[in-house]
Number of protein chains: 2
Amino acid sequence: MNPATANIEEAILSAILAGRINPGTRLGEQKLADLFGVSRTRVREAMMRLETRGVVQVSARRGWYVVEPSAEEAREAFQTRRVIETGLLHSLREVPPDVLKSLKEHVAMERDAIGAGDVHSRACLLGDFHIHLADALGNRMLTEIIRDLTARTTLISMLYQPTEKAEESSHDHEDIVAAMEEGDLALAARLMDEHIGKVEAGLDLTAKPDPLAGLRALLSPAVFAGNAPSVPHTHEHPHEHSHSHGRPATKED
Amino acid sequence: MNPATANIEEAILSAILAGRINPGTRLGEQKLADLFGVSRTRVREAMMRLETRGVVQVSARRGWYVVEPSAEEAREAFQTRRVIETGLLHSLREVPPDVLKSLKEHVAMERDAIGAGDVHSRACLLGDFHIHLADALGNRMLTEIIRDLTARTTLISMLYQPTEKAEESSHDHEDIVAAMEEGDLALAARLMDEHIGKVEAGLDLTAKPDPLAGLRALLSPAVFAGNAPSVPHTHEHPHEHSHSHGRPATKED
DNA sequence: GCTTACAAACTTGTATACAAGCCTGTAAGC
DNA sequence: GCTTACAGGCTTGTATACAAGTTTGTAAGC
């Protein structure tokens, strides 16, 4: 594949994984072309690839948007992750020592980031745990699949997660690795199942992603008393939610 | 997505799934554009999407080729399928009656096709069983993932499978469905694991895909006795193997 | 007869121009 | 004051032209 196109694709995907791009964000072709110093053609290629991978969508003649998964799609994504990640642990007969070592190191880094209050790298690390696990197996197909799924669940969390549970997630990861170390992979699989279930349960999927949520929060209660001032022109695209209303970008696990 | 692009993508993918396009086949942009009555632009879009999905590859300024998975990639693909499909069965608590019904119908169709000696639809059906299983769950993400994986394993089978085992595969499918009917999903998962393992074991991954295999078969032993006639010009691309040397296109399961 | 060099044809890579549609801002009419 | 119609700007959709590289066919030289 063209290296420039691959770079754009990778840059956007990892920005999503790191929680640095919000769901619903508009990605204009020309703007990205200028940003990366390439022509629109390349950007379009990258976008179409990302569309195939399920992280962006095109709205005809309006632009490319980072996906905003529906509640239904969220359920599917978590189900899929559960199937694959428990299946992965179940299919293992034993855990290679170097894999175990690198997973333990990863969990240690999670703990440190949480202890240091480093919100950003914490968010990255928590999502990366699962990718790291797949990667450690040396199966690139599986790694890529899980990467794409993680991108989606990251976006889902940004839309639906009302609370942060970084400590709990990290603890779960620790327990999973401990079970792997003891060679009890069935237990590890069960813990993973519960872990993903917990994360999913922590979401509020009934709360439809509300494009106006950020706006409403700004409006005073007087608005609802009848004497409403006209909604100020935000010059914001109706689909482009600014989810950047203070809540740190946390990943789903 | 553009409907024309989607059509091309779908047409090529399903042709691969049906075993009607061989691995290594060259897919020229202009040729496809003429065939589908669209411009090269659309064809390129479809090709890039298929590349993301892992079924075609581009060779710079030479053309697009249907992938020829290496032995290593073949192992990864089967491992991935095993992980996902056993994970899927394990994660099920119970099997909805309508799903069971449709799976039983599918297996019956397999039997009929085998009985009737209908090689082509048999090949289609055997691969479709797995897609059908995922589809029956109503999880579109999982279905698409398995579809892409099945495309790859289909190509792998065409490259490496020395023998056909349609009856055995269909029997395996029957047993899996039977276990599902009895509600013993752990058994179903184990059977699935063994089934995929059997299919993989049936391949000869040591036999590297040989671009000249088809050619050698045509040459008389005299060729190797020293007085070799010059190899006839085949006007065939060096990478374009004509795997269509008699063996019916069989899928891996 | 065999090898090597060269030219022509063909294929993809990339950019750009223009077409088509959507959104926003403004003004006219009620 | 409010609604509706319209124009302008902006963004993607699509095709096409040209650039760059690969393969193939041919002929000259050894």
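So that the names make sense, note that chain A is the first sequence line, chain B the second, and so on, each numbered from 1. Values in this document were obtained by computation on a predicted structure and should not be read as measured data.
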Please list each protein N or O that sits under 3.5 Å from an N or O in nucleotides 6-8 of chain C, with the distance.
none

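- Pair assignment for D:dA20: C:dT11, on the basis of Watson-Crick or G-U wobble contacts that are both within less than 3.5 Å.
- Searching all strands for a Watson-Crick or G-U wobble partner of D:dC30 with both distances below 3.5 Å returns C:dG1.
- Nucleotide D:dA15 holds its C1' atom 14 Å from the CZ atom of B:R44, rounded to whole Å.
- Note: CD (A:E45) to P (D:dT12) measures 16 Å, nearest angstrom.
- Of the inter-residue distances, the one linking B:E85 atom CD with B:I146 atom CD1 reads 4.5 Å to the nearest 0.5 angstrom.
- With rounding to whole Å, B:Q30 atom CD is found 12 Å from C:dC10 atom P.
- A salt bridge between A:R82 and A:E200 is present, with a side-chain N of the basic residue lying under 4.0 Å from a carboxylate O of the acidic one.
- For the residue pair A:H120/A:R20, the side-chain donor-acceptor check at 3.5 Å is not satisfied.
- Side-chain contact check for A:N22 and A:T25: no donor-acceptor pair (N or O, by modelled atom type) lies under 3.5 Å.
- For DNA chain C, the residues of residues 36-43 of chain A within the heavy-atom distance limit of 4.0 Å (strictly under) are A:S39, A:T41, A:R42, sorted by number.
- Straight-line distance from the CE atom of B:M47 to the C1' atom of C:dT11: 14 Å, rounded to whole Å.
- Here salt bridge (charged side-chain N to carboxylate O under 4.0 Å, His left out) pairs that include residues 145-157 of chain B, with residues two or more places apart or in two chains, are B:E10-B:R147, B:R53-B:D148.
- Look at A:R62 and you'll find a side-chain N or O under 4.0 angstrom from OP1 or OP2 of C:dC23.
- Atom pair B:E29:CD and D:dA17:C1' shows a separation of 15 Å (rounding to whole Å applied).
- To the nearest angstrom, P of C:dT12 lies 9 Å from CH2 of B:W64.
- Of the inter-residue distances, the one linking B:L205 atom CG with B:E72 atom CD reads 10.0 Å to the nearest 0.5 angstrom.
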Anything under 3.5 Å between a protein N or O and an N or O of nucleotides 5-10 of chain D, put it in a table, one pair a line.
none

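- Mapping A:A60 and B:G63 onto DNA chain C via the closest heavy atom, the residue that lands nearer the 5' end is B:G63.
- In this model, a donor atom of one side chain and an acceptor atom of the other lie less than 3.5 Å apart for A:E29 and A:W64.
- Shown here are the salt bridge (Lys or Arg N to Asp or Glu O under 4.0 Å) partners of B:R140, two or more places apart in sequence or in another chain: A:E76.
- Between A:R122 and A:A166, the shortest heavy-atom distance links the atoms CD-CB, 3.4 Å.
- Expressed to the nearest 0.5 Å, how far CD of B:E68 lies from CG of B:L155 amounts to 9.0 Å.
- Considering only residues two or more places apart in sequence or on other chains, A:E73 meets the side-chain contact (heavy atoms from CB on, under 4.5 Å) condition with A:P69, A:S70, B:M141.
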